Amino acid sequence: MQCVGCQAHFASRNLLFRHLRHECAVVRVPLEEAMQRVLLMVGYEGHAFRSMQYNVDAPDQLSVEGAVLAAIRNLEATGPADGSEVTGAPAVVSGGFITRTERAASSAHNLLVVSARARLCLAERRDELQRALSGVTLLAPPLVLAPGMLDSPSRALRRLEYHVAIPYSALLPASVQDVGIVPLGAKPQGAVGDEEPGHAGWSELGECVVWLSALPAQHDDFRAVGELLAELLAEAAGSCGDRPVEQDGSGCGAGLVAPLRVQVPSRGGCAHVHFRSSEEAAAWIAALDGRQWRGGRLVALPGREAKLKLWVHHRIRKALKAMTDRGAASFHNFLAPTRQPTAAAAAPRRLLRCFSDLLMDFRPARPVGVGWEGTDWAVLSLAAKDFGSQQVRRLAGTALAVCRGVESVSFIELCFSTQPVSTPACPPEAVWLEEVQLCAGAQALLPATREGRDAMRATIMAEVPRRAASAYAALAASLDAGTATRARESHRLRAAAAAGSAEEVKALLASGARLDVTDEYGRSAVFMAAAAGQPAVVALLLAARASADTPCNGGCTPLIAAATHAGPTSTHLAVVEALLAAGADSARRGWWGRSAQELLAPGERVRWEA
C-alpha cells in the first residue's frame with residue numbers, strides 16, 4: 001500500500017488510512033482546510049468537446065466538466081486570491097452538471113456545481129477563470145452555495161428547455177421544394193389535418209403583401225392595433241427619408257409608398273400590409289425587418305414566404321401537440337436503438353411544453369440567387385424535467401418526419417405503443433440546452449443571465465448551419481427512402497416475403513412497412529420473395545405497387561433471381577411470369593452478363609412478352 005501524497009509504503013490498509021488521517025502532511029492539511037461549493041452558470045459549444053464522460057481533462061477526450069475543473073486547477077497553480085502559498089492536494093474535489101448534454105450538443109445555459117478550496121475565492125475571480133477556460137463561457141459570476149443549498153440538485157430541478165434547429169429544406173415536403181411555383185391558396189401535398197391557419201386574409205398573402213409580426217396582440221381593440229401600425233409605418237418612413245408620411249397617402253420618402261390597406265387578423269400579433277407592387281413591398285420589408293420598436297424586434301416577410309413558413313409551423317405544432325396531449329407516457333422508443341429499455345427508461349414521463357414559432361426562426365444572410373428555403377432554419381422548443389438531448393433529438397426528428405409528409409400523425413401513436421419503432425434523430429450539432437429552471441426557492445437565488453444566454457444562443461446558432469446541414473440532407477434522404485422510420489417493419493417484411501407468409505405481409509403493409517426499402521445488400525421484399533420462389537407473395541407485393549425491377553447491389557433484379565433458381569419442380573417459373581406481367585425488364589443482364597431468358601433452360605422458357 002502506498003500513500004498518493006508522500007509516497008510512503010504501508011503493510012496494510014488500516015495503517016495507510018491512519019497515516020492519511022493523522023500523519024500525512026500532503027493529504028491531511030488540504031482535507032482539514034475549508035472547502036466550499038460553488039455554482040457556475042455556463043454556456044458552451046458542443047463541437048469543442050469530444051467526451052461525454054465526467055471530469056475527463058485529457059486533450060484528446062476533453063469533456064465540458066473536465067475543461068472547467070482543469071481551468072480551476074490552473075487558478076490554483078497561480079496561487080489563491082489572498083496571495084498565500086499553495087500546498088497539498090489539488091483544490092478541486094468534485095464537479096458535475098445538474099444536467100448533462102450528449103457529445104456535440106451545445107448549451108446556452110447550464111449549471112455546474114464544483115467543490116474547491118475556499119482560499120481560491122472563485123466568486124471573486126470570474127475574469128481569471130474565464131481567461132483559463134476554452135470553449136466555455138461564464139454567464140454570471142460564480143455563486144458560493146451556503147450549506148444546505150442544492151445538496152440534491154436533481155430534486156431542485158424543475159424544467160429543462162431544449163431548442164432544436166431544423167432547416168426548411170428538410171421540413172418542406174419534396175412536392176413543394178420549389179416554393180416559387182406554389183399557387184396562392186394551394187395546399188402542398190401530404191397534408192396533416194387542418195393545414196391552413198385559417199384567418200382573415202390568409203389566402204391573400206402574395207407577392208404584393210408584407211407580413212408584419214411582433215406587434216402587440218390586442219384581441220379586443222382592433223382599431224388600436226391599426227393605429228399602432230400606422231404610427232409604426234410613419235415612423236419607419238420618416239426615418240428612411242427627408243419627408244414623413246403624407247396625410248393623403250402620397251410618397252413616404254426614400255422610395256417608400258403608403259400601403260393600400262392593412263389587415264389585422266382577429267388573433268392579433270401580426271398584420272398583412274398590402275401594396276400596389278412587389279417592389280413597393282420589398283422597400284418596406286427592407287425598412288421594417290429587424291427594426292427595434294417598443295421593446296421588440298419586428299419581423300417583416302414577403303407574403304408568399306410568410307404563408308409557407310406559417311404552414312410549416314402549423315404542421316410542426318400539430319405533431320408536437322400529438323406528443324404533449326398524451327400526458328404521462330413511456331418514451332422508450334425515443335431512446336437510442338442500441339439500448340434495451342430498462343424499467344426506468346420505460347417509466348411514464350411528461351412533456352411539459354413544446355412549440356415552434358416563426359418569430360424564433362434563424363434567418364442568416366442569403367447568398368445571391370439562393371432562396372429562403374435554402375438558408376432559413378425553424379427552431380423547435382421542447383421542455384421536460386428529465387429528458388436528455390438524445391430523446392429530444394428523436395422527438396424533433398419524429399416531428400420532422402410528420403411535417404415532411406413521409407409519416408402521418410398516426411406514426412406518433414405507434415411510437416408510444418409497446419411495439420419497437422425506429423425513430424429518426426436530428427443531428428446533435430443542431431440541439432442545445434436553452435435553459436435550466438430550478439424550483440421556485442432555488443431559482444430565486446440565481447442571478448439574471450438573459451443577456452449572456454442570448455449572446456451564447458446567437459453564437460451556437462451561427463455554427464449550426466455549417467455543422468448540421470449535411471447531416472440533415474442525409475436524414476431527409478433516409479426519411480424519403482423509409483429507412484429512418486420503418487427500418488424494423490421493412491426488415492420483417494423482407495423476412496416474411498422470403499418465408500412466403502402472405503398474411504404477415506398483409507399485416508405489415510397495413511402497419512406502414514415500406515415496399516421498396518432494401519437491406520445492406522440491396523435486396524427488396526420483392527427480390528426476397530422472387531429468389532425464394534413465392535409467387536403468391538410476389539403477386540401481393542406487386543399489387544401493392546412494389547417495383548418489379550429494383551436491383552440488388554450486384555445488379556441482379558428480382559426477375560434474374562427467380563430465373564436463376566428456376567427448375568422443373570420449382571415455383572420460380574410462376575414468379576417469372578408474375579414479374580413479366582408486371583412489366584419487369586427481361587433484357588436486363590446481371591453482373592455476369594446474362595439475362596433472365598438466357599438463364600432458363602430451353603424447356604423452361606416462358607412467354608416473355610409483358
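It should be emphasised that the depicted structure is a prediction, and the values quoted were computed from it without experimental measurement. This chain uses plain numbering: 1 for the first residue, then up along the sequence.
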> Does any non-hydrogen side-chain atom of L39 lie less than 4.5 Å from one of V113?
Replying inline: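 V113 vs L39: side chains touch.
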> With a 4.5 Å limit on heavy-atom distance, are the side chains of I166 and I316 in contact?
Replying inline: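 Side-chain contact under 4.5 Å: no.
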Nearest-0.5 Å distance, [atom1] of residue [X] to [atom2] of residue [Y]:
X: M461; Y: S106; atom1: CE; atom2: OG; result: 11.0 Å
X: C439; Y: L157; atom1: SG; atom2: CG; result: 9.0 Å
X: L414; Y: T423; atom1: CG; atom2: OG1; result: 10.5 Å
X: D289; Y: R363; atom1: CG; atom2: CZ; result: 4.0 Å

>> Between L438 and L111, does the side-chain contact (heavy atoms from CB on, under 4.5 Å) criterion hold? Intermediate values first, please.
In response: CA-CA 10 Å; L438 305 180; L111 306 179; 3.9 Å; yes
>> According to ring pair (Phe, Tyr, Trp, His ring centres under 6.0 Å), who are the partners of H163, at least two apart in sequence or on a separate chain?
In response: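 H163: ring pair (Phe, Tyr, Trp, His ring centres under 6.0 Å) contacts with W432.
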For atom [atom1] of [X], decide whether the heavy atoms of other residues, nucleotides or ligands shown that lie under 6.0 angstrom number more than 12.
X: R126; atom1: CZ; value: yes
X: Q292; atom1: CD; value: yes
X: R366; atom1: CZ; value: yes

> Would you say the side-chain atoms of E407 pair up with the backbone N or O of V402, donor to acceptor, closer than 3.5 Å?
Replying inline: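 Answer holds: no.
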> Under the 3.5 angstrom rule, does the side chain of R457 hit a backbone N or O of E434 as a donor-acceptor pair?
Replying inline: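 No, the answer is negative, given that no donor and acceptor are paired below the 3.5 Å cut-off.
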> Between E463 and R466, is there a side-chain N and carboxylate O pair less than 4.0 Å apart?
Replying inline: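 Result for this pair is yes, salt bridge flagged.
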> Charged N to carboxylate O below 4.0 Å: is that the case for E435 and R353?
Replying inline: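 No salt bridge links E435 with R353.
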> Going through the distances and angles, do Y168 and L308 end up as a side-chain contact (heavy atoms from CB on, under 4.5 Å)?
Replying inline: CA-CA 10 Å; Y168 276 99; L308 198 52; over 6 Å; no
> Is there any ring pair (Phe, Tyr, Trp, His ring centres under 6.0 Å) pair reaching into residues 453-478, and which pairs are they, with sequence neighbours excluded?
Replying inline: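 Checked against ring pair (Phe, Tyr, Trp, His ring centres under 6.0 Å) - neighbours excluded - the pairs reaching residues 453-478 are W377-Y472.
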> Between E161 and S381, do the side chains contain an N or O donor and an N or O acceptor separated by less than 3.5 Å?
Replying inline: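 Looking only at side-chain atoms, S381 and E161 do form a donor-acceptor pair, the distance falling under 3.5 Å.
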> Would H274 and Q263 count as having a side-chain donor-acceptor pair, cut-off 3.5 Å?
Replying inline: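 Result is yes, a qualifying pair exists.
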> So E207 and R276, salt bridge (Lys or Arg N to Asp or Glu O under 4.0 Å) or not? Walk me through it.
Replying inline: CA-CA 10 Å; E207 295 178 353; R276 297 174 182 84; over 6 Å; no
> Between Y162 and T101, does a side chain to side chain donor-acceptor pair (under 3.5 Å) hold up when you go through it step by step?
Replying inline: CA-CA 10 Å; Y162 288 91; T101 53; over 6 Å; no
>> Suppose we screen for side-chain hydrogen bond (donor to acceptor under 3.5 Å, both in side chains). Which residues come up paired with T398, at least two apart in sequence or across chains?
In response: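 Listed in chain order: nothing, the list is empty.
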> Ring centres of F416 and F334 under 6.0 Å apart?
Replying inline: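 When the ring centroids of F416 and F334 are compared, they turn out to be within the sub-6.0 Å range.
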> Hey, what's the ring geometry for Y44 with F97, parallel, tilted or perpendicular (30° and 60° as the breaks)?
Replying inline: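 Plane angle between 30° and 60°, so tilted.
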